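Right, one structure below, let's go through it.
Numbers here are sequence positions counted from 1. As the structure is a prediction and not an experimental result, all values here were calculated from the model.
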Amino acid sequence: VQLQASGGGLVQAGGSLRLSCAASGDTFSNYDMGWFRQAPGKEREFVSRITWSGGSTYYRDSVKGRFTISRDNAKNMVYLQMNSLKVEDTAVYYCAAGWLLVSGTPKYEYWGQGTQVTVSS
């Protein structure tokens, strides 16, 4: 599956952005979808995940209550609504597609190219 992330940009602290990720090439509803981010000089980190049906969502603690992940399987799209943005949310954001291993650990096999989010103070 091919993934194309978009929607990043420059926003002031407290503002909002909506990231989108378009999928193609395979049955989108087969995959759990995730958002990750990587800030300069830091490791890539998990941000949010949504199961294939959209029935369950997960977030890292620092974005809970501010970010919302959603998907539209009819449009092969996944979204990340980011509100109350903070300077520390600045990073390149990546969408990824994968599934749960038998162990219960998510495995992300396919990655998009990333979209830059910059939050100014």
Approximate separation, where rounding is to 0.5 Å, of R37 CZ and S48 OG:
11.0 Å

Say you draw a straight line from CE of M33 to OG of S29; how long is it, rounded to the nearest 0.5 Å?
11.5 Å

Would you call the rings of Y93 and F67 parallel, tilted or perpendicular, taking 30° and 60° as the class edges?
tilted

Heavy-atom check, side chain of L19 versus side chain of M82, under 4.5 Å:
yes

Could you walk me through whether V47 and Y59 pass side-chain contact (heavy atoms from CB on, under 4.5 Å), step by step?
CA-CA 6 Å; V47 176; Y59 301 91; 5.9 Å; no

Could you measure the distance from the CD1 atom of I50 to the OG atom of S53? Nearest 0.5 Å is fine.
8.0 Å

Whether R66 side chain and S84 backbone form a donor-acceptor pair below 3.5 Å:
yes

State whether a side-chain donor-acceptor pair under 3.5 Å links Y79 with D72.
no

Using 0.5 Å steps for rounding, measure from the CE atom of M77 to the SG atom of C21.
7.0 Å

Has R71 got its NZ or CZ under 6.0 Å from the middle of the six-membered ring of F28, at an angle within 45 degrees of the ring axis?
yes

Are the side chains of T90 and V117 in contact, using a 4.5 Å heavy-atom criterion?
no

T51 versus D32, side-chain donor and acceptor atoms under 3.5 Å
no

Measuring only between side-chain heavy atoms, which start at C-beta, is V11 closer than 4.5 Å to T118?
no

Go through E109 and Y31 one step at a time and tell me if the side-chain contact (heavy atoms from CB on, under 4.5 Å) criterion holds.
CA-CA 10 Å; E109 186 72 17; Y31 298 93; 6.0 Å; no

Could you tell me whether W111 and F36 have their ring centroids closer than 6.0 angstrom?
yes

Do the non-hydrogen side-chain atoms of Q38 and E43 ever get within less than 4.5 Å of each other?
no

Is it true that D89 and K86 have a side-chain N and a carboxylate O under 4.0 angstrom from each other?
no

Exam field: side chain T115 to backbone S6, donor-acceptor pair closer than 3.5 Å
no

